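These numbers were taken from a predicted model, which means no experiment stands behind them.
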Amino acid sequence: MILKYPYPYRAWLSIANDPDNTLLKDWRELDQLIWKELALPLANSLFVRSYNRNLPGQVNLVDHPEIAAQPHDTIHTWGDYMHAGARGFERADALDAIQLLRSHRIQPRVWIDHAQFLGNLLHHHSLGATPELKDMSGHKYPVLQYTLDLIEGLGIKYIWDGDVVELLGQDRPLRPYPYFREVSTSEWKAAGKYALHMVARKSAPARLGEIKVPSNEQYFPHRFPDGRILYCFRRYGTWKEADIYGIHRLIAPENISRLLALHASCIVYTHLGKRPADKVHLDHHVPENTRKAFEGLARRYKERELMISPVSAMLDYFVLRDHVRIKSHRIEFRADGIRFDRVEPVDLAGKKFSFTTHGLDPARASITADGMEVAHHLIRENDRVFSIEFPPITS
């Protein structure tokens with residue numbers, strides 16, 4: 001059996017940061033703390049351009065090319081076109097953004113919708129995924145903001161689902177009573193919700209949505225209006241705590257301990273460059289409690305308890321993990337048809353997958369990717385667990 005996460009990690013965390021409101025001096029402070037001082041293996045998100053008149057100093061690739069030195073796996077749409085006056089968005093802007101990303105050798109795998117942008121795919125608007133509209137008289141009109149074909153062509157495979165979940169810990173199944181106990185303030189309320197849930201299942205399925213146990217996958221396939229199928233992913237947090245002063249509560253030591261106990265994953269929703277309105281006058285951007293929370297993450301990662309990675313690396317791993325087939329002593333990595341049309345050695349490079357020895361003899365294990373043998377290293381972790389590590393690609 002394959003383990004959920006590489007041994008000995010017990011949970012997996014990433015941060016999906018939106019670049020809204022970020023000033024260059026604050027970006028530099030965040031870069032110094034997270035990527036240089038703590039060396040957390042995260043990737044960031046960026047605006048390619050910003051036309052937002054209310055945020056004239058907002059960090060973006062065109063005006064602040066130094067940000068390209070930081071790892072990025074996410075774009076926050078094609079740029080910030082909110083509050084842009086007469087400057088609207090059209091398909092030509094996406095084509096320009098693609099050229100800019102390629103000129104900086106930035107290869108995003110993740111797309112996150114932004115505010116009320118008309119080119120969004122799921123959050124507030126879906127015109128970006130809708131090729132044409134039809135009016136009540138039968139006339140069809142091309143949607144000028146449609147760019148999902150360009151998004152997929154750029155190599156993006158993962159789309160934010162447009163919502164924020166307050167339930168800590170995805171990538172784990174939810175059973176009815178434990179779930180209601182987790183989200184209720186008392187045993188009595190949990191018991192009541194469970195009873196209603198069971199009654200609705202048997203006698204009133206139409207009302208089940210009111211007390212339904214939600215699906216809790218970290219990622220899931222989604223068919224868009226133009227027929228394309230990509231993966232959506234969930235983000236954890238709250239709308240109110242999504243700034244540099246709120247994130248310390250989301251990644252507090254007690255939350256990380258609970259995530260480890262749940263043996264689950266978490267992609268944190270935040271805006272690291274945004275402060276509450278009453279804090280914008282302060283010289284330093286990162287408050288002390290947020291610094292300590294990030295130091296706690298670094299410590300858990302260094303102690304090999306909490307896996308930390310870019311969003312795309314987490315999701316790539318989960319897709320590969322979830323499509324492994326184990327038969328006899330053969331371990332085969334198979335394509336899923338959405339992220340990977342075919343699993344190549346480069347897709348496995350640098351990754352480590354762990355397995356229990358129950359029913360598997362490591363010495364006899366055959367490792368293949370879509371039927372082809374793949375070079376690997378065998379690691380015997382203990383009597384019960386072994387790992388397969390694939391060497392990184394060297395230039």
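Scanning both residues, Ala242 and Tyr269, for their nearest heavy atoms gives CB-CE2, 3.3 Å. Heavy atoms only, all atoms of each residue included: Ser309 and Leu42 are closest at O-CD2, 3.5 Å. The nearest pair of heavy atoms linking Ala16 to Arg235 is O-NH1, 2.9 Å. In terms of heavy-atom proximity, Leu33 sits nearest to Val286 at CD2-CG1, 3.9 Å. Here the closest heavy-atom approach between residue Ala335 and residue Asp341 is recorded as CB-O, 3.4 Å.
Interatomic distance, Phe353 CZ to Ser387 OG, rounded to the nearest 0.5 Å: 10.5 Å. To the nearest 0.5 angstrom, Met314 atom CE is 9.5 Å from Ile308 atom CD1. Atoms NZ and NE2, on Lys193 and His197 in that order, are 13.0 Å from each other to the nearest 0.5 Å.
Checking side-chain atoms of His222 against main-chain N and O of Leu230 turns up no donor-acceptor pair under 3.5 Å. A donor-acceptor contact shorter than 3.5 Å links the side chain of Arg91 to the backbone of Tyr146. No side-chain donor-acceptor contact under 3.5 Å links Arg300 to the backbone of Ile256. The backbone N or O of His125 sits nowhere less than 3.5 Å from a side-chain atom of Asn120 that would complete a donor-acceptor pair. Although no hydrogens or angles enter the test, the distance criterion places no donor-acceptor pair under 3.5 Å between the side chain of Asp336 and the main chain of His323. Asp383 places no side-chain N or O within 3.5 Å of a backbone atom of Thr357 that could act as its donor or acceptor partner. Distance alone, capped at 3.5 Å, places no donor-acceptor pair between the Trp78 side chain and the Ile98 backbone. Judged by distance alone, the side chain of Lys274 and the main-chain N or O of Thr270 form no donor-acceptor pair under 3.5 Å. For the pair Gln145 (side chain) and Leu127 (backbone), a donor-acceptor distance under 3.5 Å is absent. Between the His271 side chain and the Asp18 main chain, no donor and acceptor come within less than 3.5 Å of each other.
Every residue meeting the side-chain hydrogen bond (donor to acceptor under 3.5 Å, both in side chains) condition with Lys352, not counting sequence neighbours, appears here in chain and number order: Glu381. Residues meeting the side-chain hydrogen bond (donor to acceptor under 3.5 Å, both in side chains) test with His248, sequence neighbours left out: Asn289. In this structure, the ring pair (Phe, Tyr, Trp, His ring centres under 6.0 Å) partners of Phe386, at least two apart in sequence or on a different chain, are Phe355.
A salt bridge links Asp96 to Arg49: one of the charged nitrogens lies within less than 4.0 Å of a carboxylate oxygen. Salt bridge absent: Lys351 and Asp316 never bring a charged side-chain N and a carboxylate O closer than 4.0 Å. A salt bridge is absent between Arg258 and Glu254: the closest approach of a Lys/Arg side-chain nitrogen to an acidic carboxylate oxygen does not fall below 4.0 angstrom. Of the charged side-chain nitrogens involved, none lies within less than 4.0 Å of a carboxylate oxygen, so that Lys134 and Glu132 do not count as a salt-bridged pair. Ion pair Arg321/Asp171 flagged as a salt bridge, since at least one NZ, NE, NH1 or NH2 atom sits closer than 4.0 Å to an Asp/Glu carboxylate oxygen. With respect to the salt-bridge test (charged N to carboxylate O, under 4.0 angstrom), the residues Arg299 and Glu305 do not qualify.
Linking ILVMFWY residues whenever their side-chain heavy atoms come closer than 4.5 Å, directly or via other members, leaves Phe47 and Leu23 in distinct clusters. Residues Met1 and Phe333 fall into different hydrophobic clusters, defined by Ile, Leu, Val, Met, Phe, Trp and Tyr side chains chained together at heavy-atom separations under 4.5 Å. In the hydrophobic cluster analysis, where Ile, Leu, Val, Met, Phe, Trp and Tyr join through side-chain heavy atoms closer than 4.5 angstrom, Val385 is grouped apart from Phe390. A continuous path of ILVMFWY side-chain contacts below 4.5 Å connects Leu378 to Val324, so both sit in one hydrophobic cluster. Under the 4.5 Å side-chain contact rule for hydrophobic residues, Ile244 and Val164 share a cluster.
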Query raised in the report: Could you go step by step and tell me if His123 and Trp160 meet the ring-ring contact (aromatic ring centres under 6.0 Å, His included) rule?
Result: CA-CA 8 Å; His123 183 63; Trp160 175 42; 4.9 Å; yes

Report task. Just do the side-chain hydrogen bond (donor to acceptor under 3.5 Å, both in side chains) check on Tyr219 and Asp322 with the steps written out, would you? Result -> CA-CA 11 Å; Tyr219 75 99; Asp322 294 344; 2.7 Å; yes

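Remark: aromatic rings of Phe318 and Tyr158 are distant, center separation not under 6.0 Å. Within the 6.0 Å centre-distance limit, the rings of Tyr5 and His263 are counted as a close aromatic pair.
Donor-acceptor pairing under 3.5 Å is lacking for the side chains of Asp93 and Tyr51.
Between Asn17 and the choices Thr22, Thr74, Asn44, the side chain to side chain donor-acceptor pair (under 3.5 Å) rule is met once, by Asn44.
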